[in-house]
**Student:** 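Quick one: structure below, then a few questions.
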Amino acid sequence: MSETNNLTSQPHETVSLRKSVLIGAAIAACLISFFVFSVYETNPNWGKLWRIQPLIITPLAGAAGGAFFYFMFQMGMRGMNKTVAILLGMLGYVVALWLGTVLGLSGTLWN
């Protein structure tokens with residue numbers, strides 16, 4: 001007599017929330033670093049530490065966009081049209097990144 005294993009296979013998560021958030025924040029940090037560190041002559045009204053605001057706010061917005069992409073990707077795995085879910089996730093990430101860039105550069109480069 002042989003034993004059979006009747007375990008049901010669970011769907012394998014290919015992307016974790018932590019990974020999506022970190023990737024979203026890293027992309028945003030690279031993008032904003034390109035803009036911030038390419039400025040050599042600054043307005044004296046900005047102050048010495050004007051770079052801190054965009055380097056904090058934009059990666060936070062990118063992390064939020066990465067989390068949104070993760071949740072949309074999960075919706076695609078659980079019944080929603082996968083292509084639509086991924087496209088909505090990408091659009092949401094781009095919008096979050098754009099809003100974070102505007103908010104981060106507000107008062108300095110975005111005048």
**Student:** Does Met80 have any side-chain contact (heavy atoms from CB on, under 4.5 Å) partners at least two apart in sequence or in another chain, and if so, which?
**Tutor:** Met72, Met75, Val84, Ala85, Leu88
**Student:** Just list the side-chain donor-acceptor pairs under 3.5 Å for residues 52-62, sequence neighbours left out, or say none.
**Tutor:**
unit_1: Gln53; atom_1: NE2; unit_2: Leu103; atom_2: O; d: 3.3
unit_1: Thr58; atom_1: OG1; unit_2: Pro54; atom_2: O; d: 3.1
unit_1: Thr58; atom_1: OG1; unit_2: Gly100; atom_2: O; d: 3.2

**Student:** Can you classify the ring geometry of Trp46 versus Trp50 as parallel (below 30°), tilted (30 to 60°) or perpendicular (above 60°)?
**Tutor:** tilted
**Student:** Of the non-hydrogen atoms in Phe68 and Tyr93, which two are nearest, and what is the gap between them?
**Tutor:** CD2-N, 4.4 Å
**Student:** Under 4.5 Å side-chain heavy-atom separation, chaining through any Ile, Leu, Val, Met, Phe, Trp or Tyr, what else clusters with Leu87? Say none if it is isolated.
**Tutor:** none
**Student:** For Val102, which residues count as a side-chain contact (heavy atoms from CB on, under 4.5 Å) partner, sequence neighbours excluded?
**Tutor:** Trp98, Trp110
**Student:** Please tabulate, one pair per line, all N/O donor-acceptor pairs under 3.5 Å involving side-chain atoms of residues 23-42, not counting sequence neighbours.
**Tutor:**
unit_1: Ser33; atom_1: OG; unit_2: Ala29; atom_2: O; d: 2.7
unit_1: Ser38; atom_1: OG; unit_2: Phe34; atom_2: O; d: 3.1
unit_1: Ser38; atom_1: OG; unit_2: Phe35; atom_2: O; d: 3.0

**Student:** To the nearest 0.5 Å, tell me how far Asn43 CG sits from Asn45 CG.
**Tutor:** 4.5 Å
**Student:** Could you tell me which residues satisfy side-chain contact (heavy atoms from CB on, under 4.5 Å) with Ala67, sequence neighbours excluded, listed by chain and number?
**Tutor:** Leu17, Val21, Phe71
